[in-house]
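Values below: every heavy atom of this structure, side chains too, minus hydrogens, waters and symmetry copies.
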Amino acid sequence: MPSPEIILHGTPLSGHAHRVELLLLALGLPYRTEEAPADVRRGAAFRTLNPLGQIPVLQDGDLTFADSNAIMVYLVRRYAPDSAWLPLDPVGAAQVQRWLSIAAGEVMHGPSIARLITQFGLNDDKTRAKRIAARLLTFMEEHLATRDYLAAAHATIADLACYSYVAHAPEGGISLKPYPAVRRWLARIEALPFFKPIPPSPLPPELDDDAA
């Protein structure tokens, strides 16, 4: 059974926090959220939870975890160890881990960074971020052309890890129109019974609704 209280520290617009919240909902675990905007993350109290000052942070009773992918692994292994969210067999586990690495690599440095630059004024190289995103989305399009989900024949934490920033790539000026298989995959995730969306942000001027 869950500890008396699971607390998820994050923000409503954080894709990293969103992937963890989706898994909490999928597993039916009771939890509450604590807002952790930038000023809170700079404070001493939050730095005791995560010295790097990053979200999300998950508190489960006396246990505290940072890093969204690590949190998802913990939640599955503790509360749903026999579920399909994180396969136990070596090949299945490796396939999921590959996409967790992509989520921390290309997804982060492509769609996520482009969105941070566009929506939140991050000082970074948008041209590079869009180049990484294009390479990632082309790869995902080819991968998803013959399968419904990223790492298995069903949804896993790999899909949750990659969903949020890919779905909101248009908010960073990255069109999803050229990637129909990716858009079908996004729709499959959004059709899952527990799904909860991230609040939308406005599309940038270079990307109108028809291009999204």
Side-chain angles (χ1 to χ4, degrees), residues 8-23 36-38 41-42 50-58 65-73 86 94-145 149-151 155-183 185-186 189 197-207 211-212:
L8 175 63
H9 300 262
T11 65
L13 296 179
S14 166
H16 286 77
H18 183 245
R19 64 182 66 155
V20 173
E21 188 165 19
L22 287 180
L23 183 59
R41 299 197 298 271
R42 288 191 292 267
N50 182 4
L52 294 176
Q54 299 169 341
I55 53 174
V57 169
L58 184 109
F65 297 94
D67 183 89
S68 58
N69 291 343
I71 291 169
M72 289 195 296
V73 169
L86 181 55
Q95 294 288 2
V96 169
Q97 181 57 58
R98 181 194 190 197
W99 285 99
L100 295 184
S101 297
I102 290 173
E106 287 84 355
V107 173
M108 176 62 195
H109 295 288
S112 175
I113 290 295
R115 179 172 174 262
L116 285 170
I117 293 168
T118 304
Q119 300 292 334
F120 306 104
L122 178 71
N123 183 18
D124 209 324
D125 186 343
K126 188 170 182 178
T127 298
R128 178 178 179 273
K130 293 180 79 168
R131 184 169 62 247
I132 293 171
R135 186 168 65 246
L136 166 71
L137 290 168
T138 299
F139 170 69
M140 291 184 72
E141 179 69 17
E142 295 172 354
H143 182 76
L144 288 163
Y149 298 99
L150 294 178
T156 68
I157 60 172
D159 299 282
L160 303 187
C162 292
Y163 167 83
S164 304
Y165 291 122
V166 172
H168 289 262
E171 295 172 5
I174 297 164
S175 175
L176 296 177
K177 191 173 182 180
Y179 310 105
V182 171
R183 288 187 279 110
W185 166 72
L186 295 173
I189 304 304
I198 294 178
S201 298
L203 295 178
E206 72 263 31
L207 194 70

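Taking Glu21 as the reference, Tyr31, Lys196 meet the side chain to side chain donor-acceptor pair (under 3.5 Å) condition, with sequence neighbours excluded. When the side chain to side chain contact (heavy atoms under 4.5 Å, CB included) test is applied to Ala129, the partners found at least two apart in sequence or on another chain are Ile113, Ala114. In this view, Pro12 and Glu35, Pro199 satisfy the side chain to side chain contact (heavy atoms under 4.5 Å, CB included) rule, not counting sequence neighbours. In this view, Thr138 satisfies the side chain to side chain donor-acceptor pair (under 3.5 Å) rule with no residue, not counting sequence neighbours. Phe65 meets the ring pair (Phe, Tyr, Trp, His ring centres under 6.0 Å) test with Tyr74; sequence neighbours excluded. Considering only residues two or more places apart in sequence or on other chains, Ala161 meets the side chain to side chain contact (heavy atoms under 4.5 Å, CB included) condition with Arg19, Asn69, Met72, Leu100, Ala103. Arg115 is linked by a side chain to side chain donor-acceptor pair (under 3.5 Å) to Glu171, counting only residues two or more places apart in sequence or in another chain. Under the rule for a side chain to side chain donor-acceptor pair (under 3.5 Å), the partners of His16 that lie at least two apart in sequence or sit in another chain are Tyr165. In this view, Trp185 satisfies the ring pair (Phe, Tyr, Trp, His ring centres under 6.0 Å) rule with no residue, not counting sequence neighbours. Annotation: side chain to side chain contact (heavy atoms under 4.5 Å, CB included) contacts of Ala151 (sequence neighbours excluded): Gln95, Val96, Trp99, Thr156, Ala158.
The minimum heavy-atom distance between Leu8 and Ala17, with the atom names listed, is CD2-O, 3.9 Å. Here the closest heavy-atom approach between residue Ala66 and residue Val57 is recorded as CB-CG2, 4.3 Å. The heavy-atom pair separating Val166 from Cys162 by the smallest distance is CG2-O, 3.2 Å.
Contact check for Leu176 versus Leu186: side-chain heavy atoms found under the 4.5 Å cut-off. The side-chain heavy atoms of Leu150 and Met140, taken from C-beta on, include a pair separated by under 4.5 Å.
Rounding to the nearest 0.5 angstrom, the gap separating the NE2 atom in His18 from the CG atom in Leu23 is 12.0 Å. Separating the NE2 atom in His168 from the OG atom in Ser112 is a distance of 11.5 Å, to the nearest 0.5 Å. Rounding to the nearest 0.5 Å gives a distance of 6.5 Å between CD1 of Ile189 and CG of Leu160. Rounding to the nearest 0.5 Å gives a distance of 8.5 Å between CD of Gln119 and CG of Leu13. Note that CE of Met108 is 10.5 Å distant from CD1 of Ile132, once rounded to the nearest 0.5 Å. With rounding to the nearest 0.5 Å, the separation of OG in Ser68 from CG in Leu22 is 11.5 Å.
Residue pairs meeting the salt bridge (Lys or Arg N to Asp or Glu O under 4.0 Å) criterion with at least one member in residues 158-169, sequence neighbours excluded, do not occur. Counting only residues at least two apart or on different chains, the salt bridge (Lys or Arg N to Asp or Glu O under 4.0 Å) pairs with a member in residues 117-145 are Lys126-Glu206.
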